[in-house]
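One structure is given here, and the rest of the page talks about it.
Whatever order the structure lists them in is the order used to number ligands and atoms, beginning at 1.
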Amino acid sequence: MRDKRFYEFVHRQIPVFITLSLAPGLGYLFLGWLNDIFTPAFVWYLLVVAGSVWGITLYRNFDFDTMSEDRRNRWYRHCSWFFYTFFLLWALVFLLYVGQKATNLHYIAIFTEIGASVVASSLLSSDRRLYRPTLYILMVPLIVYFLLIGEWYGYVLSLFACTLTWVLLYAANSSNQLLMQATYQATHDALTGLHNRQYFIEHLQKRMNTLAESGQFSFLLLIDLDHFKTVNDSLGHDIGDQLLKSVVSRLQQHVPDGCLIARLGGDEFIITGSDCVDCETCERNSLEISEQLIARLKETYVVGQHHLYISASIGVSIISANSINANSFIKEADIAMYEVKAKGRDGVFMFNEEMSDRVEKHLEIERLLHFALANEEITLHYQPQFDHSGRIMGAESLVRWNNPELGPISPTQFIPIAEQTGLIIELGNHILETGFRTLRAWRDEGIELEQFSINISMRQFTHQNFVAQVKHLMQRYLDADLVHKLVFEITESIVVEDVNRVILLMKQLKAMGIRFSMDDFGTGYSSLSNLSRLPLDEIKIDRSFVGALSLDEGHRAMVVTILNMASILKLNIVAEGVETAEQLDFLLCHDCKIFQGYFYSKPLPKEAFVHFFRNRPSHGQQAAHPG
Ligand code: C2E
Ligand code: CA
Ligand code: CA
């Protein structure tokens, strides 16, 4: 297990060894000159200098971030030989000096050998294969030297030397273990034992360097479990943790050899694939593997007494030779994964440029939206609502954003972004205030409506200040009569929140006189039982149902069922998106009461709405069909 820190540690030791050899080496050269062994000492020093040059080359050739795996392994092998050679040279100088008559040289040689052993055991402790042979190279000659003295103190000294060898080995082993442990912890995830994000990014960088050399391709799979949070929230983190472990063991079983799996955090995993010669094979392989993984992950998990099901969303990005940095690939896979999530989860998508354009557009919208209110780019349009006699009985306010750079942007694009960023609170307040002012102004101009609908997004609705804010704006702009015309349109997604809290909030607002409408009815996933608990006044049949009325019997039956249900629950019902006379006739025949759609009018700016209202024949004069 060698990571960046390991290599950098070894790399740092090279200049230390060179310095520790070149400088004291001069002293040994001088000793050699004093003791008539200058020539061998000089040759020895030349070897040290040559070794140092080799060391400097190794030191300069190291660049972790751009080296391929192969090159790095080769570099490390050369480094090992460099260290062995250096200590062999120190063992040589020992042999040279103990071969001399002068006892002072013997003392120096013995100290040199012990000193070198201490240096080796401490500075090379990162790798057993480095410090073990080195210690033997240094200590065995010393032990043999003591034995060869042939006296009792020689035997005692050789025993001491053996003990010292053991102590040095023991110390180096201990440091090595600590180092390995620290490295393991820094590169692995504690819960699953998989590699962590940091290690993965290093690994990916290595892979990219290798691919850049070979011109081959590989792939990244970013796996995110769907609705894992629900398991954690409902069954507790222990069960969540065990589920994660089971997921990991399935991943490990079903990922082909040569792939590396890591946990990016939470319920996100990432896998690098094996190499492929061409891009098409790589794409095919990655999709095949992803499909298999999704199928395996979906099989039932038994955790404690629970039988759990979980699906996964996978984003794929292809790693090619002309790659820049590891993080950009993870980001690409992330974009593809979010695309899967947005399209309903439980699937695979391969990253493409179009996706990144969309993400860029998204970011651009997010950036410009921050200034939209201050720059007065946000306005409201109003779409009239009609009763069965064709009279304008209400209006729905719909927000519009016209940006000088981007042009008009649909609320279906920017409202979700405003929700994600929290801007919806400010924007929602502005919409409420503008709507209230319009309602007031219209009444003052003699435009009487029965209802005035405003779309409220979930995040805005559940914000702690919402009720207080509504109350404040009501007091400022409306009287009791006008308040009773207000209808707040909410969507089924609101039920995903804490239903009891939602009901409480709705009741507070209803007590103030506001009515509630369920927008886009029939498109959500909420259960009828949950819906029937909400204190609703109105349902809006989603325009997709109205639009499909002409298509087949099934869609017609669906609309009739919704209409019947509304009548049983005594709810008003609005059909939105009415575009043709046929649709209107069908709805009229089935007792639908309120209509809204292009058939009558598109959403209109404030003044245009007034004009439209004034220029329609007064009610009762004509049937629902416009003139
Ligand atoms: P929605 O509440 O379902 O609004 C109805 C959408 O259908 C509007 O699109 C409207 O212009 C369009 N529409 C009306 N009649 C027809 C028709 O006959 N045929 C077709 N094809 N479409 C028709 P718009 O204005 O683009 O709004 C889209 C969505 O954006 C709204 O759907 C609503 O969910 C959201 N939205 C709009 N204004 C606001 C707002 O002020 N606050 C919040 N929170 N959301 C808003
Ligand atoms: Ca609406
Ligand atoms: Ca709607």
Side chain, backbone, both or neither: which part of [X] comes within less than 4.0 Å of ligand 1 when only heavy atoms are counted?
X    : result
E576 : side chain
R543 : side chain
K540 : neither
L380 : neither
Q383 : side chain
I431 : side chain
D542 : neither

Just to verify, which of [options] counts as forming a side-chain contact (heavy atoms from CB on, under 4.5 Å) with [X]?
X    : options          : answer
I271 : I289, L293, I314 : L293
L439 : D444, L482, V483 : L482
H306 : L243, V231, L235 : L235

Pairs meeting criterion side chain to side chain donor-acceptor pair (under 3.5 Å) with involvement of residues 232-244, two or more places apart: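 Sorted pair list: K229-D233.
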Note: E364-K361 ion pair, threshold 4.0 Å (strictly below):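 Salt bridge absent between E364 and K361.
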Interfacing atoms of ligand 1 (cut-off 4.0 Å, heavy-atom, V578):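 Result: 18 (O).
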Atoms of ligand 1, numbered as shown, that sit under 4.0 Å from any heavy atom of P603: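 Every atom of ligand 1 under 4.0 Å from some heavy atom of P603: 11 (O).
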Check: F613 ring centre within less than 6.0 Å of W442 ring centre: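 No: the rings miss the under 6.0 Å criterion.
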Out of [options], whose heavy atom sits nearest [atom]?
atom                    : options                : answer
atom 17 (C) of ligand 1 : E396, E579, E489       : E579
atom 22 (N) of ligand 1 : W401, Y600, Y598       : Y598
atom 43 (C) of ligand 1 : T412, I424, N455       : N455
atom 36 (N) of ligand 1 : P416, S397, P411, S457 : P411

Heteroatom test (N, O or S) for E396 near the Ca ion (ligand 2), limit 3.0 Å: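 Under 3.0 Å: E396 contacts the Ca ion (ligand 2) through an N, O or S atom.
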D520 near the Ca ion (ligand 2): N/O/S under 3.0 Å: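 False for D520.
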When the side chains of residues 587-596 are checked against the rest of the protein, which donor-acceptor pairs come out under 3.5 Å, sequence neighbours left out?
unit_1 : atom_1 : unit_2 : atom_2 : d
H590   : ND1    : F586   : O      : 3.0
Q596   : OE1    : Q385   : NE2    : 2.9
Q596   : OE1    : K540   : NZ     : 3.0
Q596   : NE2    : Q383   : OE1    : 2.8
Q596   : NE2    : E396   : OE1    : 2.6

Parallel, tilted or perpendicular, as decided by the 30° and 60° cut-offs, for the rings of F386 and Y600: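 Ring orientation, 0 to 90° scale: parallel.
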Modelled atom types, side-chain donor and acceptor of T192 and D189, under 3.5 Å: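 Present: a donor and an acceptor within the cut-off.
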